[in-house]
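In what follows, chains carry the letters A, B, and so on, assigned in the order in which the sequence lines appear, proteins first and then strands, with residues in each chain numbered from 1.
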Amino acid sequence: MNRVRFAPSPTGLLHIGGARTYVFCWLFARSTGGQLVLRIDDTDAGRNTQESLRSILDGLEWLELPWDEQHYQSERRPIHVRAAEALLAKGVAYRDFTAEGAAEAERGEGGPWLFNPGMRDLGAIESDRRASSGEPFVIRFRVPREQPGGVGFKDLVFRKHFRRFADIEDFALLRANGHPTYHLASTVDDGEMGITHVIRGQDHLTNTFKHILLLQAMGFDRPSFAHLPLLLGPDGSKLSKRRHGPIVSVTNYRDMGFLPAGFMNYLSLLGWSPKDNREVLTVEQLVDAFRIEHVLRTNAVVQVGEKPGETQVDPKAVWLNGQHLRSMPPAQLLPYVEAYFRGSGWWRDEFSGARREWFLEAIDALRSRLNLLSEFPVRCRAYFHDDFGFEPKALANLDRDGVRDMLRELAARIERAPDFTEQSVEHELRMLSAEREVKAGLLINGSRAALTGQPVGPSAFRVFTLLGKDRVVARLRAV
RNA sequence: GGCGCUAUCGUCUAAGGGUUAGGACAGAGCCCUCUCAAGGCUCAGAUCGGGGUUCGAAUCCCCGUAGCGCUACCA
């Protein structure tokens, strides 16, 4: 069975790029009947923050794409240290006593740095002596650079890659402070957790040579690798919070009113497509269509807003979300709307209780003009509450010749009428407009304005029935 | 600097030797219509440059250019 892992490090908020990687990992695991491991790669104690961890967990939970296992790498430190020591004992790794930063100073403009002189060949006795005397050291992997040949692998996305042993540097395994490096912790865990597919950002492509070397030295089976193209900002630089603002944070999309399915659909189309022109896809359809081999090698630009103070998201993401908002069965949409209403202090328990059916109808009537959940509270207050304001254009509709007077008359007639349906209301309204010799549109738009405070919205007659007879009469009278 | 990856409308992408280079978002317009949306239709818009190979190249090869990544005791 396939075992995939998503391994974020809590050194920054979960952003779109990380979420896209997660989506692809999840899609791959699901579509192949495999499992997904969430591993928090928190080996860099100095840079980890609780806020980042919160952001990652909150963001991933919001996506509603569950993982099967969860681990914290920091809790596995003894295992990593033991692995490094085992490699040292086998002679596959060695102690490097060079002071931190010294190598960098010596490097100069010449070729790439490969190892620190003298350290590879330090005798075991000398090495042990210096270590036990308390001299700080880092443990490095001894790349078999004297051997011909090199490391090759076939990436599921980026195809064949090869690098000679002689060109791979002796990377660090254990830092002077005793903490494992990313390379060590990651490969040890991938090996021990039985990871079969490593799916990650393209920025790790060239690290893969090192990881294969390490995996082999430790006797683990080699997993398959799939590297994903990167996500760029409109300026062409790698997406980051520092450069592109808080808009790249996943929780921001949640707060903005995205549906998990809509957001996930958007992310899935960055660097991948089902090849058949379909774009609006449910989670199930995505699972069905996803092929890791179809992932592109080209970086994708995410249209996030650059203007300061203006949070602008990719218009296509908004549109895609609107598609999901409109096509999802209302009952399925209800919990999301509820969460949003609660967030703005608008919720009433009757919406999911006594008036549930009515609430679902209202949502259904309103959603065709919305793309984000956040628009419900902003644009639909009059449908759910009796205190609402009037927009200038709505007032203008009421101020037209005799409209207010006619609306009050309409209220009286509606109150008297035996029926209260879209048809009966339309009948009353058209009768009245005919009598007064005015266009029906005048009263129709006036009614909408009086009932909702807005010049725009669903069909006016739909608004009547949505609000119910009592409210309609009261609001028409009040103009 | 070294090593590597990539290059199709503004953006996301399809076509992988033969198509008027297709779709979607955004833009313009029309239809529908009680408004606004939604929906339908139409328009505009691209193969980075130069060489090859070939009857034929967006597609294969080479060179250039640009972008990105890696080149840490970050991940």
Side-chain angles (χ1 to χ4, degrees), chain A residues 7-12 41-44 46-48 96 98-101 103-104 107-114 136-140 155 157-159 161-164 167-169 171-183 185-186 200-209 227 229-230 232 234 236-238 266 269-280 296-303 314-320 322-323 326 366-371 379 393-394 397 426 429 439-449 454-461 463:
Chain A
S9 46
T11 55
D41 277 10
D42 52 354
T43 50
D44 188 359
R47 296 203 306 153
N48 295 335
D96 181 343
T98 311
E100 185 176 358
E104 203 171 303
R107 200 179 313 180
E109 299 92 52
W113 173 89
L114 290 171
F137 61 86
V138 47
I139 295 182
R140 290 187 183 282
D155 190 89
V157 174
F158 281 87
R159 309 197 267 212
H161 288 267
F162 178 83
R163 180 169 284 183
R164 295 184 309 159
D167 294 330
I168 302 172
E169 72 272 16
F171 54 96
L173 265 23
L174 210 61
R175 301 176 187 135
N177 65 9
H179 286 259
T181 63
Y182 159 74
H183 299 301
S186 178
R200 66 215 326 186
Q202 193 221 98
D203 42 351
H204 289 296
L205 187 65
T206 47
N207 283 332
T208 305
F209 300 107
H227 288 86
L230 300 177
L232 273 23
S237 70
K238 192 175 150 184
Y266 169 67
L269 261 17
L270 260 16
W272 174 84
S273 84
K275 309 277 187 198
D276 57 9
N277 279 348
R278 283 185 302 162
E279 296 204 298
V280 182
L296 302 177
R297 276 166 241 115
T298 52
N299 295 341
V301 173
V302 174
Q303 293 295 106
D314 196 323
K316 189 156 185 172
V318 175
W319 172 80
L320 223 26
Q323 294 294 314
R326 280 185 282 284
L366 293 165
R367 63 178 172 166
S368 81
R369 57 221 92 219
L370 309 179
N371 285 319
R379 294 174 51 185
K393 280 184 180 174
N397 285 345
E426 179 165 7
L429 185 143
K439 283 186 178 172
L442 199 65
L443 289 184
I444 288 172
N445 290 327
S447 305
R448 185 185 294 103
Q454 294 174 318
V456 301
S459 155
F461 304 117
V463 175

Report task. Assign A/Asn207 to base, sugar-phosphate, or nothing according to its heavy-atom contacts below 4.0 angstrom with the strands shown. Result -> base
Query raised in the report: Within less than 4.0 Å of OP1 or OP2 of B/G4, is there a side-chain N or O belonging to A/Thr206?
Result: no
Report task. Between B/A14 and B/G51, how far apart are the C1' atoms? Round to whole Å, please. Result -> 28 Å
Query raised in the report: Roughly how far, to the nearest 0.5 Å, is the CG atom of A/Leu320 from the CD atom of A/Glu279?
Result: 7.5 Å
Report task. Could you check how far CG of A/Leu269 sits from C1' of B/A26, rounded to whole Å? Result -> 16 Å
Requested in this report: Please determine, for the side chain of A/Phe158, which listed nucleotide (B/G69, B/C5, B/A24) has the closest atom?
Outcome: B/C5
Report task. Scan every strand shown for a Watson-Crick or G-U wobble partner of B/G64, both distances under 3.5 Å, and answer none if you come up empty. Result -> B/C48
Query raised in the report: At under 4.0 Å between heavy atoms, what does A/Lys238 touch on the DNA or RNA strands: base, sugar-phosphate, or nothing?
Result: sugar-phosphate
Query raised in the report: Is it true that A/Asp276 and A/Arg278 make a salt bridge, defined as a side-chain N closer than 4.0 Å to a carboxylate O?
Result: yes
Report task. Between B/G4 and B/C61, how far apart are the P atoms? Round to whole Å, please. Result -> 16 Å
Report task. Please report the shortest heavy-atom distance between A/Phe162 and A/Phe209, naming the atom on each side. Result -> C-CE2, 3.6 Å
Report summary line: Expected string for nucleotides 35-44 of chain B under the B/S/- scheme (protein heavy atoms, under 4.0 Å, primed atoms plus P, OP1, OP2 as sugar-phosphate) is BBBSS-----
Requested in this report: Check whether the side chains of A/Thr208 and A/Arg200 place a donor and an acceptor atom closer than 3.5 Å, and report yes or no.
Outcome: yes
Requested in this report: Could you tell me whether A/His227 contacts a base, only the sugar-phosphate backbone, or nothing, with contacts defined as non-hydrogen atoms closer than 4.0 Å?
Outcome: nothing
Requested in this report: Report which part of the nucleic acid A/Phe461 touches: base, sugar-phosphate, or nothing (heavy-atom distance under 4.0 Å, all strands).
Outcome: base
Query raised in the report: What nucleic acid atoms does A/Thr43 come within less than 4.0 Å of, heavy atoms only: base, sugar-phosphate, or nothing?
Result: sugar-phosphate
Report task. Could you check how far CG of A/Leu230 sits from C1' of B/C12, rounded to whole Å? Result -> 16 Å
Query raised in the report: Which part of the nucleic acid does A/Asn299 contact within heavy-atom distance under 4.0 Å: base, sugar-phosphate only, or nothing?
Result: sugar-phosphate
Query raised in the report: Which one is paired to B/G39, where only Watson-Crick or G-U wobble pairs with both distances under 3.5 angstrom count?
Result: B/C31
**Report entry** Side chain to side chain, A/Asn371 and A/Arg326, heavy atoms closer than 4.5 Å
**Finding:** yes
Query - Phosphate OP1/OP2 of B/A14: any A/Lys275 side-chain N/O under 4.0 Å - result: yes
**Report entry** From CG (A/Leu296) to CG (A/Leu270), nearest 0.5 Å
**Finding:** 10.0 Å
Query raised in the report: Reckon A/His179 touches a base, only the sugar-phosphate, or nothing at all at heavy-atom distances under 4.0 Å?
Result: nothing
Report summary line: By the Watson-Crick or G-U definition, both distances under 3.5 Å, B/U53 is matched with none
Requested in this report: Say whether, by atom type as modelled, one donor and one acceptor occur between the side chain of A/Asn445 and the main chain of A/Asn397 under 3.5 angstrom.
Outcome: no
Query raised in the report: Paired with B/A24: which nucleotide, if any, by Watson-Crick or G-U wobble criteria at under 3.5 Å for both distances?
Result: B/U11
Report task. Mind calculating the distance between CG (A/Asp203) and P (B/U6) to the nearest angstrom? Result -> 16 Å
Report task. Take atom C1' in B/C9 and the same atom in B/G1, then report the distance between them in whole Å. Result -> 37 Å
Query raised in the report: Does B/G69 have a Watson-Crick or wobble mate here (both distances under 3.5 Å), and if so which one?
Result: B/C3
Query raised in the report: Which nucleotide, in any strand shown, forms a Watson-Crick or G-U wobble pair with B/G16, with both distances under 3.5 Å?
Result: none
Within the sub-3.5 Å range, which N or O atoms of nucleotides 59-66 of chain B have a protein N or O partner, and how far apart are they?
none

Report task. Specify the separation, in whole Å, of atom CG of A/Asn277 and atom C1' of B/A14. Result -> 6 Å
Report task. Under 4.0 Å between any heavy atoms, over every strand shown, what does A/Gln303 touch: base, sugar-phosphate, or nothing? Just pick one. Result -> sugar-phosphate
Query raised in the report: If you measure from the P atom in B/U59 to the same atom in B/U47, how many Å do you get, rounded?
Result: 12 Å
Query - Rounded distance (nearest 0.5 Å) linking atom CG of A/Asp96 with atom CG of A/Leu173 - result: 12.0 Å
Requested in this report: Scan A/Ala300 against the nucleic acid and name what it touches under 4.0 Å (heavy atoms): base, sugar-phosphate only, or nothing.
Outcome: sugar-phosphate
Query raised in the report: At under 4.0 Å between heavy atoms, what does A/Leu320 touch on the DNA or RNA strands: base, sugar-phosphate, or nothing?
Result: nothing
